[in-house]
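Reading through the structure tokens given below for one structure.
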Amino acid sequence: MDTDNQTRQRLLYLHARTPSVFSEILGYTLIEPVEGFQVEISGGEFAWPYQTVHDALVEGWQIVQFPHLQSPFSDTDLDVVGYEFILQKLEAIS
Amino acid sequence: MISAEYLLNDVDVARFLVNGYHVVEPDLPAGLNERVADRLDALDANPGDAITETVPELWQVLEHPQVKGVLISLLGEDYSVNAHRHWHCKLPGSGSMQWHQDSTNNRGTQIDRLLGLYYPHTITADMGPTVIVPGTQFRNAPTDRMATYTNIRGQVPLTVAAGSVAFTHYDLWHGTASNSSSVKRHMIKFLFNRASENSAPTWNHDPEALNRPRDWNARDKAEDAGNILSFGNPLGVSQSDHYKERTIRRACWDELIGQKSAS
């Protein structure tokens, strides 16, 4: 199959401090739709490409899933870090 | 008994409760780290829990007063060295390991077990260091829920000097970076358990430790236990999470000083 210029889904998981797209990002995962791609925890200083979800929107990323806010809420317990936004870019990847 | 000079102080304990880790560089006998590293380099199979029989020099690390001082401070005089221990050899070319906890998360307010990570040689960023996320130790989040995280605000690669021992809260999120160097990265993981509840602090404690007034101007720069417990926020979490963390830390502190929280 000729894969040149095929449109593929790039994925970006951003974990924001609050459900607001203007709050600071606490977690960052980029998934490139290329064979063999693996995510990488940085062994040094990680350079944050975006500071907020809004920064990513400005760069053309589109939100495909907003944080789930209907889950049970505890006033005393803590669970995951931040609020997860999933974003995509549909791009021709050669 | 161990000399009080090796015990933690109130600020150390407060910082441990906030960050979930404490690193020491024990003054080990000359050549010990090199001998351990050489023995590990030569192993062709992982002996599992028997690593201390294969490399008996490891007991010199566990018995060092600076190591025992941390363990007594956080787990009590009668702490035990768990029979489980493991050699983690990260080979050149091996990839990143995702965030995880070593078992199910067991978040409570008692500090009842610690991991001790000993590195016999100096760890650089390209050797696949262990990476930890300070402040995640009180999160009731199983490993599966960590799978969509990669880089997290405030994460700390343990790029440490040879001979360092990093003590971590058992539930602290941890993973590794990839090893792009040409050398094996060795780490021996030990597990330590609390044997009994504290009836009094087991570190160098000042009863006035929490009596300094809250200093809203110092916040993350606080240098006293009370303000560190109140304002420490290594992840930079939201206000509501931060308030919950503060309550959990204080309950931990109360248990450690032998005074159970009313809640």
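Here is how names work: the chains are called A, B, and so on, in the same order as the sequence lines, proteins then strands, and each is numbered from 1.
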Contact class of [X] relative to chain A, heavy atoms under 4.5 angstrom:
X	value
B:W99	both
B:M146	neither
B:T136	side chain
B:Q98	backbone

Rounded to the nearest 0.5 Å, what separation is found between the [atom1] atom of [X] and the [atom2] atom of [Y]?
X	Y	atom1	atom2	value
A:L78	B:R139	CG	CZ	5.0 Å
B:T247	A:D77	OG1	CG	11.5 Å
A:H15	B:R153	NE2	CZ	13.5 Å

Between B:P129, B:S178, B:S180, B:A141, who has the most heavy-atom pairs with chain A when the cutoff is under 4.5 Å?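 Looking at each of B:P129, B:S178, B:S180, B:A141 in turn, B:S178 comes out on top.
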Just so I know, are the side chains of A:V80 and B:Y149 near enough to count as touching, which here means a heavy-atom distance under 4.5 Å?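 Yes. Closest side-chain heavy atoms under 4.5 Å.
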Looking at side-chain heavy atoms only, is the closest gap between B:W173 and A:V81 below 4.5 Å?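 When only atoms from C-beta onward are counted, A:V81 and B:W173 do touch, with a gap below 4.5 Å.
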For the residue pair B:T148 and A:E84, confirm or rule out a side-chain donor-acceptor distance under 3.5 Å. yes
Test log, rule side-chain hydrogen bond (donor to acceptor under 3.5 Å, both in side chains), inputs B:N140 and A:D79: CA-CA 5 Å; B:N140 195 9; A:D79 46 57; over 6 Å; no
Of the non-hydrogen atoms in [X] and [Y], which two are nearest, and what is the gap between them?
X	Y	value
A:G43	B:A125	O-CB, 3.2 Å
B:A177	A:S42	CB-C, 4.0 Å
A:E40	B:N151	O-ND2, 3.2 Å
A:I41	B:S96	N-OG, 3.1 Å

Max heavy-atom pair count under 4.5 Å with chain B, selected residue of A:I86, A:I25, A:T18: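 Winner by heavy-atom pair count: A:I25.
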Please flag which part of A:Y28 lies under 4.5 Å from any non-hydrogen atom of chain B: side chain, backbone, both or neither. both
If you count the non-hydrogen atoms of other residues, nucleotides and ligands that lie under 6.0 Å from CZ in B:R145, is the total more than 12?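 Incorrect, the count does not exceed 12.
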Please check if atom CD in B:E34 has more than 12 non-hydrogen atoms from other residues, nucleotides or ligands closer than 6.0 Å. yes
